[in-house]
Number of protein chains: 2
Amino acid sequence: MADGISERVRPRERILETAQDMFHKHGIKGVGVDAITEAAGTNKMTLYRHFESKDDLIIECLRATACKAGAMWDAFEAEYPGDKLAQLHAWVRKAAQMLSADSRGCDMANAAIELSETDHPARRVIKELKEAQRERLVNLCREAGVGQAELLADTLSLLLDGARVSLQSVGAAGPSAQFVRMAEGLIASFKAR
Amino acid sequence: MADGISERVRPRERILETAQDMFHKHGIKGVGVDAITEAAGTNKMTLYRHFESKDDLIIECLRATACKAGAMWDAFEAEYPGDKLAQLHAWVRKAAQMLSADSRGCDMANAAIELSETDHPARRVIKELKEAQRERLVNLCREAGVGQAELLADTLSLLLDGARVSLQSVGAAGPSAQFVRMAEGLIASFKAR
DNA sequence: TCGTGACGTTACAGACCGGTAACACCCTAG
DNA sequence: CTAGGGTGTTACCGGTCTGTAACGTCACGA
């Protein structure tokens, strides 16, 4: 068989990776633990030996995706060391690139919408991770030397979140197609003043 | 009892109203038909006499909420007849007012996220209704005399959608708190040029 | 060699889900 | 008064879900 994923990776990692992918594609409530374990080439018992519950698995998945997003930021710094403005433009390009037609949007935002129970354990994790991302974008804007860095960062953040949900509502030909133009226009106008 | 809702209203209307409310609060996959009918003061059989399936009910709910949103637009025209710019500012105020702390966001967008199956019957309805709203906002911007009306309308649209999901991810103290300032700033800058 | 721990398999519990069948009821229009 | 349509009630079907129990297997290290 040699699934590639089941070669030499431990079940826990396979489950985590598969769950991330399936949660992203089909939604959290749209996929059961049986389907995850089967796709990961293992079984339910092994899943519950590594994760307390499905909620626990959800949280671990969110942390993992946030970690990957963090690596993206590091890549910007590596590509344009010290040039914060270039990194900001790289962020715009990367964001636009995440708006491909088959994208299913932001896992955190989707989870926040799907898990409507206000006391769901994943909600505080979502809030933490999203706030960390916001802080990172604010810092980037500030160090890029734009005025009102917080306002620019928040605007860009809302634009991206909006583009990602719009993509799912009306498709790639909708408002999200103009994301780059909007973002670049905003950065330019904030830089001017 | 006199629930208010079960007084003299036919079961179909009660179900539709209750379902809208419950889908909004708890999500579509988060509420079952039994819970809806019980809250509507009726039973499952009556629901299935008026709606083919749960999917059918979902679609009717989306149409109903879109209809209510349409009435909102008419209210703008009634309040500021002919003054399209005033209507645009009224739209901003109304949008901001929908960003209250306990809001659960846009039903269409939430449904699009929850119903990840690409061939789900509700998806084309969502697309139609969202596109109609977009067209309406574009027309308002154009008639308000701003340059690049489509781009402004799309930007405002993404900002609002983004604010509504951000509200659910990080709460009312997050980026969505700046929505009015962002929107007004955008309108001003588009009017200038 | 042995045993220990990680993993797989099967079966199941208990709950919930969407949807249907059969039947009793009641209000109202004729 | 009567017939009939809209409604309520109960019970059920088949399926899916999360989570657990019991047991078998296999590799690896002492």
Side-chain angles (χ1 to χ4, degrees), chain A residues 1-20 22-23 25-62 111 114-117 119-123, chain B residues 1-20 22-23 25-62 111 114-117 119-123:
Chain A
M1 291 298 164
D3 289 352
I5 192 174
S6 68
E7 206 157 334
R8 265 286 163 196
V9 193
R10 303 282 257 180
R12 187 178 200 279
E13 306 309 313
R14 300 206 309 266
I15 291 171
L16 206 52
E17 207 70 27
T18 308
Q20 279 179 255
M22 296 187 72
F23 284 154
K25 282 184 189 152
H26 312 297
I28 290 176
K29 296 196 180 177
V31 52
V33 291
D34 273 317
I36 294 173
T37 54
E38 187 187 338
T42 177
N43 55 71
K44 199 157 50 170
M45 272 315 303
T46 302
L47 186 149
Y48 281 102
R49 286 191 189 108
H50 288 286
F51 303 94
E52 284 185 7
S53 61
K54 185 184 180 183
D55 284 347
D56 185 34
L57 175 62
I58 292 168
I59 290 174
E60 292 304 311
C61 282
L62 291 175
E114 272 198 279
L115 309 175
S116 54
E117 308 94 324
D119 60 343
H120 194 288
R123 294 197 73 89
Chain B
M1 291 300 167
D3 289 350
I5 192 174
S6 69
E7 205 157 333
R8 266 285 164 198
V9 192
R10 303 283 259 179
R12 188 179 199 280
E13 307 310 313
R14 300 207 308 266
I15 291 170
L16 206 52
E17 207 71 27
T18 308
Q20 280 179 257
M22 296 186 73
F23 284 154
K25 281 185 191 151
H26 311 298
I28 290 175
K29 296 194 180 178
V31 52
V33 290
D34 273 317
I36 294 173
T37 54
E38 187 186 338
T42 176
N43 55 70
K44 199 158 48 170
M45 273 313 303
T46 302
L47 186 151
Y48 281 103
R49 287 188 189 110
H50 289 285
F51 303 93
E52 284 185 7
S53 61
K54 186 185 180 183
D55 284 348
D56 186 35
L57 175 63
I58 291 167
I59 291 175
E60 292 304 313
C61 283
L62 290 176
E114 271 198 279
L115 308 174
S116 54
E117 310 94 323
D119 60 343
H120 194 287
R123 292 197 75 89

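All chains are named by letter (A, B, ...) in the order of the sequence lines, taking the proteins before the strands, and each is independently numbered beginning at 1.
- Side-chain contact between His50(B) and Glu60(B): absent, with no pair of heavy atoms (C-beta onward) separated by less than 4.5 Å.
- Taking atom CD1 of residue Ile36(B) and atom P of nucleotide dC16(C), one finds them 16 Å apart after rounding to whole Å.
- Look at NZ on Lys44(A): it is 14 Å from P on dA13(C), rounded to the nearest Å.
- Distances shown here put every side-chain N or O of Thr46(B) at or beyond 4.0 Å from the OP1 or OP2 atom of dT7(D).
- Scanning atom types as modelled, no donor and acceptor separated by under 3.5 angstrom connect the side chain of Arg49(B) and the base of dG5(D).
- Close to dT7(D), at under 4.0 Å from its OP1 or OP2, lies a side-chain N or O of His50(B).
- With contacts defined as side-chain heavy-atom distances shorter than 4.5 Å, the pair Phe51(A)/Ile15(A) qualifies.
- Distances from the side chain of Arg10(B) to the nucleotides dG6(D), dT18(D), dG18(C) place dG6(D) closest.
- In this model, no side-chain donor or acceptor of Lys54(B) finds a partner on the base of dG19(C) within 3.5 Å.
- The side chain of Met45(A) has dT10(C) as its nearest neighbour among dG8(D), dG19(D), dT10(C).
- Residue Thr42(B) is the one, among Thr42(B) and Asp34(A), whose nearest nucleotide of DNA chain D lies closer to the 5' end (criterion: closest heavy atom).
- Between the side chains of Asn43(A) and Thr46(A), at least one donor N or O sits under 3.5 Å from an acceptor N or O.
- Within the 4.5 Å cutoff, side-chain heavy atoms of Leu57(A) are placed close to those of Leu16(A).
- Other residues, nucleotides and ligands contribute over 12 non-hydrogen atoms within 6.0 Å of the CD atom of Glu117(A).
- Rounded to whole angstrom, the span from the NZ atom of Lys29(A) across to the C1' atom of dC16(C) amounts to 13 Å.
- Residue Leu47(A) contributes atom CG, which lies 18 Å from atom P of dT10(C) at whole-angstrom precision.
- Asp55(A) has its CG atom 13 Å from the C1' atom of dC17(D), to the nearest Å.
- Across the protein-nucleic acid pair, Glu38(B) atom CD and dG8(D) atom P stand 13 Å apart, rounded to whole Å.
- Note: CD (Glu52(A)) to C1' (dT18(D)) measures 14 Å, nearest angstrom.
- Rounded to a whole Å, the NE2 atom of His26(A) is 17 Å from the C1' atom of dC17(D).
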